[in-house]
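As structure tokens, the structure follows; a few thoughts come after it.
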Amino acid sequence: MAEPLKIGVLASGNGSNLQAIIDRIEAGGIRAQIACVITNNADAFALERAKRHGIPALFLDHRLFASREEYDAALVEKLRGHGVRLVLLAGFMRIITPVLLNAFPLSIMNIHPALLPAFPGLHAQRQALQYGVKVSGCTVHFVDEGTDTGPIIMQAAVAVLDDDTEETLASRIRREEHRIYPEAVRLFVENSLKVVGRRVTITDDTVSTRS
Ligand code: GAR
């Protein structure tokens with residue numbers, strides 16, 4: 001049997017999406033291995049989560065690099081050094097450059113806490129509440145040069161309730177993130193995603209986008 005596909009995860013914070021993916025891999029649901037976790041924040045809990053699961057964890061300080069491109073070149077070197085084939089942004093709060101994008105064409109995914117193209121960028125849940133939408137959710141997409149603009153792989157909708165705060169909405173959206181991100185990773189690993197232009201189709205009968 002072929003070696004499990006190697007994944008590199010970039011995170012800046014808590015790492016709950018990282019955890020959801022680790023759990024799904026450990027449960028045997030995804031034939032892949034997280035080869036490394038890299039953060040740009042020394043205090044990111046994602047580092048601790050990785051260590052607890054025996055995953056190489058690295059803090060790479062962006063402030064030590066003169067430009068975004070130089071930082072991304074260092075990321076590419078680390079990711080390649082670990083044999084990574086799929087890169088996951090999991091709460092990685094940095095804009096990435098073509099240096100990273102071109103090293104992993106159509107092989108970088110991101111999770112965003114809104115139904116894109118609505119509410120890209122920072123504070124998506126706050127944007128949704130301020131706009132007054134009745135439905136928001138989350139999106140897994142391939143990363144391109146734009147901010148949260150790449151081809152959409154999966155989405156899940158979440159009702160916005162009258163008494164929602166940013167925190168309550170974020171927490172219900174996060175539950176859906178933890179369901180669809182591992183699912184999208186599984187589809188990639190099983191070679192079940194077909195990308196034509198902006199459209200991503202799933203060539204897998206077992207997928208369910210419903211809870
Ligand atoms: C998640 O809600 C993710 O959707 C969001 O950051 C959070 C990270 O949580 N990402 C973005 O807003 C990217 N624009 P986590 O560290 O617990 O996975």
Side-chain angles (χ1 to χ4, degrees), residues 7-26 30 32 34 36-53 55 57-60 62 68 71-72 75 86-97 100-101 108-131 133 135-160 164-186 209:
I7 296 175
V9 178
L10 307 183
S12 300
N14 179 23
S16 69
N17 279 286
L18 163 68
Q19 188 69 54
I21 292 158
I22 292 174
D23 292 346
R24 184 89 185 259
I25 291 173
E26 289 188 351
I30 307 174
I34 301 185
C36 63
V37 170
I38 305 176
T39 78
N40 66 322
N41 167 12
D43 300 324
F45 189 57
L47 285 172
E48 180 58 32
R49 292 183 192 271
K51 285 181 199 151
R52 284 182 191 173
H53 290 267
I55 298 167
L58 178 80
F59 161 52
L60 198 58
H62 57 270
R68 286 188 189 280
Y71 184 71
D72 283 2
L75 285 177
L86 169 65
V87 178
L88 303 178
L89 310 186
F92 188 58
M93 295 312 198
R94 279 187 67 78
I95 292 169
I96 67 169
T97 71
L100 182 55
L101 282 168
I108 306 178
M109 285 184 191
N110 180 44
I111 179 103
H112 182 74
L115 292 176
L116 292 170
F119 315 130
L122 294 175
H123 309 301
Q125 302 93 335
R126 190 184 305 170
Q127 294 184 57
L129 286 173
Q130 281 172 351
Y131 197 92
V133 291
V135 178
S136 190
C138 51
T139 304
V140 181
H141 63 96
F142 284 114
V143 178
D144 67 6
E145 294 82 2
T147 301
D148 302 321
T149 53
I152 290 172
I153 302 166
M154 274 188 143
Q155 294 187 299
V158 171
V160 179
D164 259 335
T165 62
E166 208 177 318
E167 289 69 35
T168 58
L169 179 59
S171 137
R172 288 204 317 289
I173 291 175
R174 202 172 304 116
R175 277 211 294 276
E176 292 300 304
E177 294 184 27
H178 296 168
R179 190 173 62 79
I180 68 169
Y181 209 2
E183 187 60 8
V185 171
R186 180 185 74 79
T209 51

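When a ligand or atom number is given, it counts from 1 through the structure's own listing order. Start at 1 with the first residue, then count along the sequence.
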Using a 3.5 Å cut-off on N/O to N/O, what pairs does ligand 1 make with the protein? A line per pair would be great.
from     : atom 1 : to   : atom 2 : distance (Å)
ligand 1 : 2 (O)  : E177 : OE1    : 3.1
ligand 1 : 2 (O)  : E177 : OE2    : 2.9
ligand 1 : 4 (O)  : E177 : OE1    : 3.0
ligand 1 : 4 (O)  : E177 : OE2    : 3.2
ligand 1 : 14 (N) : H112 : ND1    : 3.2
ligand 1 : 16 (O) : G15  : N      : 2.7
ligand 1 : 17 (O) : S16  : N      : 2.8
ligand 1 : 17 (O) : S16  : OG     : 2.6
ligand 1 : 18 (O) : S16  : N      : 3.3
ligand 1 : 18 (O) : N17  : N      : 2.9
ligand 1 : 18 (O) : N17  : ND2    : 2.9

(message) Tell me whether Y131 at atom OH has more than 12 heavy atoms from other residues, nucleotides or ligands lying less than 6.0 Å away.
(response)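 Open: at most 12 neighbouring heavy atoms sit under 6.0 Å from OH of Y131.
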
(request) Could you tell me which residues satisfy side-chain hydrogen bond (donor to acceptor under 3.5 Å, both in side chains) with T139, sequence neighbours excluded, listed by chain and number? (result)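 In terms of side-chain hydrogen bond (donor to acceptor under 3.5 Å, both in side chains), with neighbours along the sequence ignored, T139 is linked to Q155.
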
(request) Determine the sole option in L10, V87, L88 for which the side-chain contact (heavy atoms from CB on, under 4.5 Å) test with I108 is passed. (result)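 That would be V87; it is the only one of L10, V87, L88 passing the side-chain contact (heavy atoms from CB on, under 4.5 Å) with I108.
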
(request) Any pair with a residue in residues 135-156 that passes salt bridge (Lys or Arg N to Asp or Glu O under 4.0 Å), sequence neighbours left out, goes on the list, sorted by first then second residue, please. (result)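 Residue pairs passing salt bridge (Lys or Arg N to Asp or Glu O under 4.0 Å), neighbours aside: none found.
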
(request) Name all residues meeting the ring pair (Phe, Tyr, Trp, His ring centres under 6.0 Å) criterion together with F142; count only those two or more places apart in sequence or in a different chain, and write none if there are none. (result)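 Residues passing ring pair (Phe, Tyr, Trp, His ring centres under 6.0 Å) with F142: none at all.
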
(message) Do R172 and D164 have side chains that approach each other closer than 4.5 Å (heavy atoms only, starting at C-beta)?
(response)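 Yes; the side chains approach each other to less than 4.5 Å.
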
